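Keep in mind it's a predicted model, so treat the numbers as computed, not measured. The figures here come from the full heavy-atom set of this structure, side chains too, leaving out hydrogens, waters and symmetry mates.
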Amino acid sequence: MAMRWLLPFLLLLLQTSSLLCTEQGSLGPKEKGKGETDGLADTWLTGGAQQMQELTLLSLEYARDLQCWLWPEKCDEETHPAWAWPTGKWDPMQVLSDWYKRVAEHMDLYDSRVTNNLTGLQWDLGRRLHGQHVAEDLILTYLERFLQDGEPQKPLALSFHGWTGTGKNLAARIIAENLYEDGQRSRCIRVFIPQLHFPHLSHIEAYKVQLENQIREVSSRCPQPLFVFDEADKIPKGLLSSILPFLSPVKPSQSQSIFIFLSSIGSNAINELALNFWAAGRQRKEITADDLERPLRTAIKENQGDIPLTQQLMEEGLIDGMVPFLPLERAHVKLCARDSFVARGLPYTEKELEMVAQQLLFVPKEHELFSAQGCKLVAQRISFMER
């Protein structure tokens, strides 16, 4: 008799872990500091804590109801009236079925709310995305235009270009935080990383099916899904056929999707233009999107080797906008360090900020103008300083 009612609850524990594992592609917890701008593996794939708490609470509710059924004298009848046990024979497998239903209902309610807070998006980009005035303006323009269009003709597809650590991933996270009530935890968001999701070219056919199914599944449950493809230049070109149908003009119910492709292609052209502005004595703030568009398009078109996914999408006319990210200077790196100190609750002075910057490599060698890794290593350097 004991095994009859105990088995379903052992299954609950196992299935809770299983459900969380299937969510590893979702965005994870809010970043801990500006210096962690590109740590996808560490930040976007660890979003199960909140969901574990929610699922655990649901399991505990059923455990309390089980106690009420076994020992009625210890139970307050009004404790969980909506989840009252049916009179008559108790079916433990029905309990498991009910639990699944409650989890699905709860997670859909918890994760699918869309807010589209453009005011908050503008504020967060300006406050947290350092040294990227061009990217900030373009992101706001494209998203505002798309979200305020009552009937967009196609999903929005943006391509972020720039060096490592310049803020591409951070910008995508800020977008997620301001478009969805539950931010990066939202199940309306799916992140794809080539090394994690498409590591073996020999399995390309299986990846096609998986990618298409995941995009379709998220789109079916969310009114405005967001898909982020990190290191898009490393995504196998054979996956284009799985993405194209979702980027092409479609019926209105499928046109609210947002696709963001992150890539380092064209970063040299962006860096060269920024260096030329500096050499000519011009201010960084003078650089405009128009200044960057032509050299960026040329660099992408002339890219050597296999044609990257981003270029294929551009040739198909499916990329709505390119967003260039400028290389970061010493002052921007120090702002990243400041944000990281604040996020950790650590005191700091200008001396500590300068110490962090001194531990990073700046290029070109004769000028030491731009951080070779942007802000990517800032949090790591601060961790070393804490020891």
Side-chain angles (χ1 to χ4, degrees), residues 24-27 38 40-41 44-45 135 138-139 142 153-166 168-169 171-172 175 189-219 225-250 254-255 257-271 292-325:
Q24 68 176 354
S26 298
L27 298 184
D38 287 85
L40 271 176
W44 285 15
L45 299 178
L138 288 175
I139 290 171
Y142 286 126
Q153 297 300 309
K154 66 178 289 294
L156 176 65
L158 299 178
S159 181
F160 291 3
H161 298 266
W163 241 357
T164 296
T166 53
K168 302 186 298 296
N169 290 318
I175 290 172
I189 302 169
R190 183 68 78 235
V191 179
F192 297 99
I193 304 174
Q195 296 90 334
L196 179 64
H197 297 98
F198 323 115
H200 306 293
L201 290 177
S202 58
H203 297 162
I204 190 68
E205 294 303 319
Y207 297 153
K208 287 182 180 180
V209 176
Q210 293 173 4
L211 178 59
E212 186 173 343
N213 287 343
Q214 289 192 53
I215 295 177
R216 183 177 291 108
E217 189 267 333
V218 175
S219 299
L226 169 63
F227 303 100
V228 179
F229 291 82
D230 188 36
E231 297 190 84
D233 47 311
K234 295 182 175 62
I235 295 178
K237 61 181 180 181
L239 294 180
L240 179 65
S241 60
S242 296
I243 299 175
L244 278 178
F246 299 98
L247 288 176
S248 303
V250 293
Q254 298 176 336
S255 63
S257 302
I258 300 173
F259 289 78
I260 300 178
F261 301 91
L262 315 183
S263 172
S264 61
I265 293 179
S267 58
N268 288 338
I270 297 172
N271 298 346
L292 289 162
E293 182 174 6
R294 178 175 294 181
L296 180 55
R297 285 189 179 276
T298 300
I300 295 173
K301 186 176 181 179
E302 296 177 352
N303 181 66
Q304 299 296 320
D306 291 338
I307 299 177
L309 179 66
T310 304
Q311 183 176 339
Q312 291 178 301
L313 294 174
M314 286 183 179
E315 292 176 353
E316 295 285 343
L318 297 176
I319 295 295
D320 299 294
M322 297 186 304
V323 180
F325 284 72

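Residues Ile300 and His161 form a side-chain contact, since some pair of their non-hydrogen atoms from C-beta on lies under 4.5 Å apart. Between Val218 and Ile189 the shortest side-chain heavy-atom distance does not fall below 4.5 Å. Under the 4.5 Å side-chain criterion, counting only non-hydrogen atoms from C-beta, Ile139 is in contact with Phe160. The shortest distance between side-chain heavy atoms of Ile235 and Phe192 does not fall below 4.5 Å.
The shortest heavy-atom contact between Pro225 and Ser257 is CG-OG, 3.2 Å. Scanning both residues, Ser159 and Ile319, for their nearest heavy atoms gives CB-CG2, 4.0 Å. Listed here is the closest heavy atom pair of Ala299 and Ala269: CB-CB, 3.8 Å. The heavy-atom pair separating Leu318 from Ser248 by the smallest distance is CD2-CA, 4.2 Å.
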Report all side-chain donor-acceptor pairs from residues 198-206 shorter than 3.5 Å, counting only partners two or more places apart or in another chain.
| from | atom 1 | to | atom 2 | distance (Å) |
| --- | --- | --- | --- | --- |
| Glu205 | OE2 | Lys208 | NZ | 3.4 |

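By the side chain to side chain donor-acceptor pair (under 3.5 Å) test, Asp320 is found to be paired with Lys154, residues two or more places apart in sequence or in another chain being considered. Under the salt bridge (charged side-chain N to carboxylate O under 4.0 Å, His left out) criterion, Glu293 pairs with Arg297, sequence neighbours left out. Residues meeting the side chain to side chain donor-acceptor pair (under 3.5 Å) test with Glu212, sequence neighbours left out: Arg216. In terms of the ring-ring contact (aromatic ring centres under 6.0 Å, His included) criterion, residue partners of Phe227 (sequence neighbours excluded) are, by chain and number, Phe259. Under the rule for a side chain to side chain contact (heavy atoms under 4.5 Å, CB included), the partners of Leu138 that lie at least two apart in sequence or sit in another chain are Val134, Tyr142, Ala289, Val323, Pro324. Partners of Lys301 by side chain to side chain donor-acceptor pair (under 3.5 Å), not counting sequence neighbours: none found. With sequence neighbours excluded, no residue satisfies side chain to side chain donor-acceptor pair (under 3.5 Å) with Gln210.
No side-chain N or O of Glu316 forms a donor-acceptor pair with one of Gln312 less than 3.5 Å apart.
Tested against Phe229 for a side chain to side chain contact (heavy atoms under 4.5 Å, CB included), the candidates Leu211, Ile260, Ile193, Leu262 yield a single pass: Leu211.
Considering OG of Ser242 and CG of Leu240, their distance stands at 8.5 Å, rounded to 0.5 Å. Note that NZ of Lys234 is 5.0 Å distant from OG of Ser264, once rounded to the nearest 0.5 Å. Distance check, rounded to the nearest 0.5 Å: CG of Leu313 to CG of Leu244 gives 6.5 Å. Here Ile215 contributes atom CD1 and Leu247 contributes atom CG; the two are 7.5 Å apart, rounded to the nearest 0.5 Å.
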